[in-house]
Amino acid sequence: MMEFAERVRRVEPSATIAISDLASGLEADGVDVVDLSVGEPDFPTPENVVAAGKEAIDAGHTGYAPSDGIPALKSAIVEKLAADGLDHDESEVIVTPGGKQGLYEVFQTLIDEGSEICLLDPAWVSYEAMAKLAGGSLTRVDLASHDFRLEPALDDLADAVSDDTALLVVNSPSNPTGAIYSEAALEGVRDLAVEHDITTISDEIYKELAYGVEPTSLGSLDGMSERTVTLNGFSKAYSMTGWRLGYFAAPEALVAEAGKLHSHSVTCATHFVQHAGVEALENADGAVAEMREAFRERRDVLVDLLAEHGVEVSTPDGAFYLMLPVDADDQQWCEDAIEDAHVATVPGSAFGAPGYARLSYAASEERLREAVERLVEGGHL
Ligand code: PMP
Ligand code: GLU
C-alpha cells in the first residue's frame with residue numbers, strides 16, 4: 001500500500017478549479033452551463049502578444065532560459081515595478097511559470113513547520129493550501145463583517161499579529177471580493193508589519209483591473225521595500241492564463257534563497273513565453289484598457305441586475321469577482337445552483353466567507369443576464 005506524505009494529506013484540491021472542472025464535465029454531457037466559477041478572462045490573448053510568442057518559437061527560443069528569467073523580460077518587469085513606485089533591480093526578480101508558482105516558492109522559502117501566517121479573509125483559496133503545504137499555521141482576520149474593507153478591520157489585524165507572525169498576505173484588488181484596500185488601510189498594515197518585523201506578500205495580480213480607483217502597491221510605502229514580496233503575473237491583465245507566466249520581486253536575500261527552489265523545481269519559465277511577456281508589458285496597454293473597460297461594464301450590469309431583483313452587494317472596485325450573499329449553507333446553495341439552474345459559482349466558504357458565493361463576471365453581458373435569470377427562475381435569488 002502506498003503511503004502519502006502528511007503535507008499533501010493536509011490540503012484539499014483547489015475549490016475554484018474543482019467547480020470549474022464540474023462545469024466542464026456537465027458541458028461535455030451537453031448541458032449549457034453559465035460558468036461564473038473560475039477566474040479566467042474570456043478574451044483572447046492580445047494579437048501582438050500571440051505573434052511575439054510565435055515569433056519566439058520560430059526564432060528558436062525553445063531551449064532552457066536563464067533560471068530567473070530572460071534579461072529583456074526582467075528589465076521590462078523592473079520598469080513596470082518602477083511605475084508602481086517599487087524600486088527593484090533585476091537581481092531582485094524571479095520570472096515564474098504562473099504567479100501561483102511564484103507564491104508557492106515564496107511560501108516554501110519563508111515558512112517552516114509551525115510558522116505563523118496571517119490571511120485577510122475572504123482570501124483566495126490557494127494561500128491556505130500553500131501555507132499548509134509549507135507546514136505553517138494560520139491566523140485569519142475577517143473582513144466580511146466590515147463590508148470587505150480593510151480599514152475598519154485594522155484593530156482586529158493588530159490583535160491577530162505579533163512578533164511570532166512570519167508572513168502576512170495582502171491581495172488588492174482582492175480575489176474573491178474585488179475590494180481595493182485604501183492607502184490609509186495599507187499604511188495601517190505597514191505600521192504593524194514594521195512594529196512586529198513581519199514579511200508581507202503583496203499579490204498584485206489584479207492591479208491592472210481597477211475601475212476608477214488606483215490600487216497602491218504595499219511595497220511602495222515607507223519601510224516596506226525591505227519586507228515585501230510583490231507578486232504579479234500575466235494571466236489576468238493580459239488574458240494569458242494558459243501561457244503560465246508570472247513573477248515576483250523581493251529583497252535580494254529572499255530571491256537568492258527562493259532561486260534555489262526555483263532552479264531545482266521548474267528550472268525556468270518557458271523560454272518563448274517570456275518573449276510574449278516582454279511584448280505584453282511593452283505594447284499591450286491599449287488591449288488591457290479595452291478589457292478593463294469591458295469588465296467595468298459587466299460589473300455594472302451585474303450589480304444593477306442583482307439590485308433589480310432586490311439583492312444588494314458590495315460593488316467591487318477591481319478584479320472580476322463579486323461576492324453574492326446566499327444561504328448560510330453556501331456549499332449547498334452552489335451545488336443547487338449548478339445542478340438546477342446550471343449556473344456555476346464558487347462557495348464563499350472556500351475563501352473563508354461562508355454565506356456567500358463568488359461570481360466571476362469574466363463572461364459576456366448576455367451570459368451574465370442569462371445567469372441572473374436562471375437563478376431568479378430557479379428561486380435561488
Ligand atoms: N493570485 C491570485 C489572487 C489569483 O486569483 C490567481 C489566479 N489563479 C493567482 C495568484 C495565480 O494566477 P496564475 O498562476 O495564473 O498567474
Ligand atoms: N485564481 C483563479 C480563481 O480564483 C483561477 C483558479 C485558481 O488558480 O484558483 O478562480
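Side chains are part of it too, since the values below use all heavy atoms of this structure and drop only hydrogens, waters and symmetry mates. Everything quoted here is computed from the prediction, not taken from an experiment.
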Discussion item. Keeping Asn171 on the side-chain end and Pro173 on the backbone end, is there a donor-acceptor pair under 3.5 Å?
Written reply: yes

Worksheet item: Would a distance-only check, ignoring hydrogens and angles, find a side-chain to backbone donor-acceptor pair under 3.5 Å from Thr177 to Phe148?
Response: no

Worksheet item: Any salt bridge between Asp197 and Arg227, counting N to O under 4.0 Å?
Response: yes

Worksheet item: With side chains defined as the heavy atoms from C-beta onward, is the minimum distance between His262 and Thr96 less than 4.5 Å?
Response: yes

If you look only at distance, which donor and acceptor atoms sit under 3.5 Å apart when one is on a side chain in residues 150-158 and the other is two or more places apart or in another chain?
{"residue": "Glu151", "atom": "OE1", "partner": "Ser182", "partner atom": "OG", "Å": "3.1"}
{"residue": "Asp156", "atom": "OD2", "partner": "His146", "partner atom": "NE2", "Å": "3.3"}

Practice prompt. Check the pair Val301 / Tyr361 against side-chain contact (heavy atoms from CB on, under 4.5 Å), numbers first and verdict last.
Written response: CA-CA 10 Å; Val301 164; Tyr361 51 88; over 6 Å; no

Practice prompt. Check whether the ring centres of Tyr206 and Phe295 lie less than 6.0 Å apart, and answer yes or no.
Written response: no

Worksheet item: So if you build clusters from Ile, Leu, Val, Met, Phe, Trp, Tyr with side-chain heavy-atom gaps below 4.5 Å, do Leu133 and Ile201 land together?
Response: yes

Discussion item. Strictly distance-based, threshold 3.5 Å: is any side-chain N or O of Arg190 a donor or acceptor partner for the main-chain N or O of Met224?
Written reply: no

Worksheet, complete the sentence: CD (Glu204) and OG1 (Thr216) are apart, to the nearest 0.5 Å, by 9.0 Å

Discussion item. Donor-acceptor check, side chain of His271 to backbone of Gly63, threshold 3.5 angstrom: yes or no?
Written reply: yes

Discussion item. Using every non-hydrogen atom in the two residues, find where Gly223 and Val194 come nearest and quote the distance to one decimal.
Written reply: O-CG2, 3.9 Å

Worksheet item: Do the non-hydrogen side-chain atoms of Arg149 and Ser314 ever get within less than 4.5 Å of each other?
Response: no

Item to complete: Would you name the heavy atoms of Ala350 and Ala15 that are closest together and state the gap between them?
Response: CB-CB, 3.5 Å

Discussion item. Treating Asn48 as the side-chain partner and Asn283 as the backbone partner, does any N or O pair qualify as donor plus acceptor under 3.5 Å?
Written reply: yes

Item to complete: Output yes when a side-chain donor or acceptor of Lys74 lies under 3.5 Å from a complementary backbone atom of Gly69, and no otherwise.
Response: no

Worksheet item: Under the 3.5 angstrom rule, does the side chain of Thr345 hit a backbone N or O of Ser37 as a donor-acceptor pair?
Response: no

Practice prompt. Please name the pair of heavy atoms, one in Val11 and one in Ala129, separated by the smallest distance, quoted to 0.1 Å.
Written response: CG1-O, 3.6 Å

Discussion item. With rounding to the nearest 0.5 angstrom, report the OG to CZ distance, Ser174 to Phe351.
Written reply: 9.0 Å

Fill in: From Glu195 atom CD to Thr165 atom OG1, the distance as rounded to the nearest 0.5 Å
10.5 Å

Worksheet item: Taking all non-hydrogen atoms of both residues, which atom of Asp330 and which atom of Pro347 are closest, and how far apart?
Response: OD2-CB, 3.2 Å

Item to complete: Report yes or no: do Leu110 and Ile198 belong to one cluster of Ile/Leu/Val/Met/Phe/Trp/Tyr joined by side chain heavy-atom distances under 4.5 Å?
Response: no

Discussion item. Determine whether a donor-acceptor pair (N or O, by modelled atom type, separation under 3.5 Å) exists between the side chain of Glu79 and the backbone of Ala76.
Written reply: no

Worksheet item: Which pair of heavy atoms, one from Ala65 and one from Ile70, lies closest together, and at what distance?
Response: CB-CG2, 4.0 Å

Response to the item:
Interatomic distance, CG@Asn232 vs CD1@Ile77, rounded to 0.5 Å, equals 8.5 Å

Discussion item. Within this structure, what is the OH-CG distance for the pair Tyr181 and Leu218, rounded to the nearest 0.5 Å?
Written reply: 11.5 Å

Worksheet entry | Residue that, paired with Arg369, satisfies salt bridge (charged side-chain N to carboxylate O under 4.0 Å, His left out) out of Glu366, Glu365, Glu373 | Glu365

Discussion item. For a 4.5 angstrom cut-off between non-hydrogen side-chain atoms, does Ile19 reach Val38?
Written reply: no

Practice prompt. Run the numbers on Tyr238 and Val288 for side-chain contact (heavy atoms from CB on, under 4.5 Å), then give the verdict.
Written response: CA-CA 6 Å; Tyr238 302 100; Val288 173; 3.4 Å; yes

Discussion item. Other residues, nucleotides and ligands only: do more than 12 of their heavy atoms fall within 6.0 Å of CD on Glu6?
Written reply: yes

Fill in: Backbone of Ala144 reached by a side-chain donor or acceptor of Asp142 within 3.5 Å
yes

Discussion item. Do the side chains of Glu293 and Arg296 get close enough for a salt bridge, i.e. N-O under 4.0 angstrom?
Written reply: yes

Practice prompt. State the CG-CG distance between Leu281 and Leu73, to the nearest 0.5 angstrom.
Written response: 6.5 Å

Fill in: Note: Arg10-Glu113 ion pair, threshold 4.0 Å (strictly below)
yes

Fill in: Pairwise side-chain contact, Val50 with Trp243, heavy-atom cut-off 4.5 Å (strictly under)
yes

Fill in: Minimum heavy-atom distance between Val169 and Ile117, given as atom pair plus value
CG2-CG2, 4.4 Å

Item to complete: Give every residue pair that meets the ring pair (Phe, Tyr, Trp, His ring centres under 6.0 Å) criterion with at least one member in residues 22-42, sequence neighbours excluded.
Response: none

Practice prompt. Taking the side chain as every heavy atom from C-beta outward, state whether Leu368 and Leu36 have any pair of such atoms under 4.5 Å apart.
Written response: yes

Discussion item. Do Glu105 and Phe248 make a side-chain contact, defined as non-hydrogen atoms from C-beta onward lying under 4.5 Å apart?
Written reply: yes

Discussion item. For a side-chain contact (heavy atoms from CB on, under 4.5 Å) check, start with the C-alpha distance between Leu138 and Leu119, then their side-chain angles and the critical distance, and finish with the verdict.
Written reply: CA-CA 7 Å; Leu138 286 162; Leu119 296 184; 3.7 Å; yes

Discussion item. Using a 6.0 Å cut-off, check whether atom CD of Glu27 has over 12 heavy atoms from anything other than its own residue.
Written reply: yes

Practice prompt. Indicate yes or no: at least one non-hydrogen side-chain atom of Ile205 is less than 4.5 angstrom from one of Trp124.
Written response: no

Worksheet item: With the threshold set at 4.0 Å, does a side-chain nitrogen-carboxylate oxygen contact exist between Glu208 and Lys80?
Response: yes

Practice prompt. For side-chain contact (heavy atoms from CB on, under 4.5 Å), just list the numbers for Val346 and Tyr321, CA-CA rounded to whole Å, side-chain angles, deciding distance to a tenth of an Å, and then say yes or no.
Written response: CA-CA 11 Å; Val346 187; Tyr321 306 109; over 6 Å; no

Worksheet item: Is any side-chain heavy atom of His380 less than 4.5 Å from a side-chain heavy atom of Asp340?
Response: yes

Worksheet entry | Worked verdict on Ser202 versus Thr230 for side-chain hydrogen bond (donor to acceptor under 3.5 Å, both in side chains) | CA-CA 5 Å; Ser202 179; Thr230 303; 5.2 Å; no

Fill in: Verdict with reasoning, Tyr211 to Asp300, per side-chain hydrogen bond (donor to acceptor under 3.5 Å, both in side chains)
CA-CA 10 Å; Tyr211 315 118; Asp300 292 344; over 6 Å; no

Worksheet item: Is a salt bridge present between Arg367 and Asp32, judged by a nitrogen-to-oxygen distance below 4.0 Å?
Response: yes

Worksheet item: Between the side chain of Ser20 and the main-chain N/O of Thr16, is any donor-acceptor distance below 3.5 Å?
Response: no

